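Below: the structure, in structure tokens.
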Amino acid sequence: TRWSNNTTKHPHHVTIDMKGKYEIAGFKLYPRGDGSQNGSIKKYEIYISDNGQDWQKISSGQLKNATELNIIRLGQRYSGRYIKLVALSSFQGPWTSLGEFEIMATQAL
């Protein structure tokens with residue numbers, strides 16, 4: 001997100017089109033590469049969709065650490081084409097930042 005003038009408040013989100021239907025087992029959220037906690041996601045929600053309009057919440061909670069890898073394992077597998085990651089708050093500041101967001105998935109048949 002923008003970090004200087006006209007900063008937008010939480011929630012922030014990013015939607016990913018995986019270009020096909022996948023079975024999702026979990027996610028890996030990698031921190032910023034510079035070690036800063038600025039904007040690192042604290043509270044989150046993750047949604048899945050087949051069409052990018054009708055969403056089902058599949059995970060929510062609070063990440064444990066702003067400067068280390070956070071792994072989210074789902075209790076069951078969900079299938080869909082679109083994933084939406086929503087940052088409800090951050091460890092520091094009104095921003096959202098993330099080094100990398102990995103979807104642990106296999107292509108659905």
Side-chain angles (χ1 to χ4, degrees):
T1 58
R2 183 180 298 159
W3 60 270
S4 59
N5 295 334
N6 301 320
T7 300
T8 57
K9 296 180 181 180
H10 289 96
H12 304 131
H13 75 274
V14 61
T15 302
I16 299 166
D17 180 354
M18 298 183 291
K19 302 293 185 189
K21 194 168 187 174
Y22 287 83
E23 288 189 5
I24 310 300
F27 306 92
K28 294 180 182 178
L29 287 82
Y30 293 85
R32 294 170 52 129
D34 63 2
S36 173
Q37 292 188 27
N38 283 351
S40 294
I41 297 169
K42 185 173 186 179
K43 292 185 180 179
Y44 73 92
E45 295 176 342
I46 301 175
Y47 296 84
I48 195 165
S49 172
D50 284 328
N51 60 17
Q53 296 190 12
D54 301 311
W55 296 96
Q56 176 188 2
K57 186 189 306 184
I58 59 173
S59 183
S60 64
Q62 182 170 318
L63 299 179
K64 295 179 182 177
N65 192 306
T67 58
E68 295 178 12
L69 170 65
N70 283 275
I71 298 175
I72 300 167
R73 297 188 193 281
L74 302 176
Q76 69 182 69
R77 291 188 180 240
Y78 295 90
S79 63
R81 175 176 169 165
Y82 299 88
I83 295 292
K84 183 189 300 186
L85 170 62
V86 180
L88 300 173
S89 66
S90 68
F91 281 93
Q92 187 170 319
W95 318 281
T96 296
S97 63
L98 187 61
E100 191 172 325
F101 181 62
E102 182 179 334
I103 302 167
M104 299 184 303
T106 56
Q107 192 157 18
L109 299 175

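Quick caveat: nothing in here was measured; it's all calculated off a predicted structure.
The two residues Ala87 and Thr96 make their nearest non-hydrogen contact at CB-OG1, 3.5 Å. Closest of all the heavy-atom pairs between Ser60 and Glu45 is CB-CG, 3.9 Å. In plain terms, the two heavy atoms of Ile72 and Ser59 that are nearest each other are CG2-OG, 3.4 Å. In this structure, Ser79 and Asp50 approach most closely via the heavy-atom pair O-OD1, 3.9 Å. Nearest approach of Ser40 to Ser97, heavy atoms of both residues: N-OG, 3.5 Å.
Taken to the nearest 0.5 Å, the CD atom of Gln37 stands 11.0 Å off from the CG atom of Asp34. With rounding to the nearest 0.5 Å, the separation of NE2 in His12 from OG in Ser90 is 8.5 Å. Here the CD1-CD1 distance, from Ile103 to Ile83, works out to 5.0 Å after rounding to the nearest 0.5 Å. From Leu85, atom CG reaches atom OH of Tyr47 across 11.0 Å, with rounding to the nearest 0.5 Å. One distance of note links OH of Tyr44 with CD of Gln62; it measures 10.0 Å at 0.5 Å rounding. In this structure, OH in Tyr78 is found 12.5 Å from CD in Glu23, a value given to the nearest 0.5 Å.
Of the options Ile46, Ile48, Thr106, a side chain to side chain contact (heavy atoms under 4.5 Å, CB included) to Ile24 is made by Ile48 and by none of the others.
Following chains of ILVMFWY side-chain contacts shorter than 4.5 Å, one cannot reach Leu88 starting from Leu63, and the two form parts of different hydrophobic clusters. Clustering ILVMFWY residues whenever any of their side-chain heavy atoms sit less than 4.5 angstrom apart, transitively, puts Leu69 in a cluster other than the one holding Leu98. Note on Ile58: it clusters hydrophobically with Met18, by side-chain heavy-atom contacts below 4.5 Å among ILVMFWY residues. Residues Val86 and Phe91 fall into different hydrophobic clusters, defined by Ile, Leu, Val, Met, Phe, Trp and Tyr side chains chained together at heavy-atom separations under 4.5 Å. Transitive grouping of hydrophobic side chains (ILVMFWY, heavy atoms separated by less than 4.5 Å) brings Tyr22 and Leu29 into a common cluster.
Taking 4.5 Å as the limit, every side-chain heavy atom of Val14 sits out of range of all side-chain heavy atoms of Phe101. Met104 places none of its side-chain heavy atoms less than 4.5 Å from the side chain of Leu74. At least one side-chain heavy atom of Asn38 sits less than 4.5 Å from a side-chain heavy atom of Arg32. Inter-residue side-chain proximity for Arg81 and Lys19 is flagged as met; some heavy-atom pair is nearer than 4.5 Å.
More than 12 heavy atoms of other residues, nucleotides or ligands shown are found within 6.0 angstrom of NZ on Lys84.
Side-chain polar atoms of Thr15 and Asp17 form no donor-acceptor pair below 3.5 angstrom.
The closest donor-acceptor contact from the side chain of Asp54 to the backbone of Gly52 lies at 3.5 Å or more, if one exists at all.
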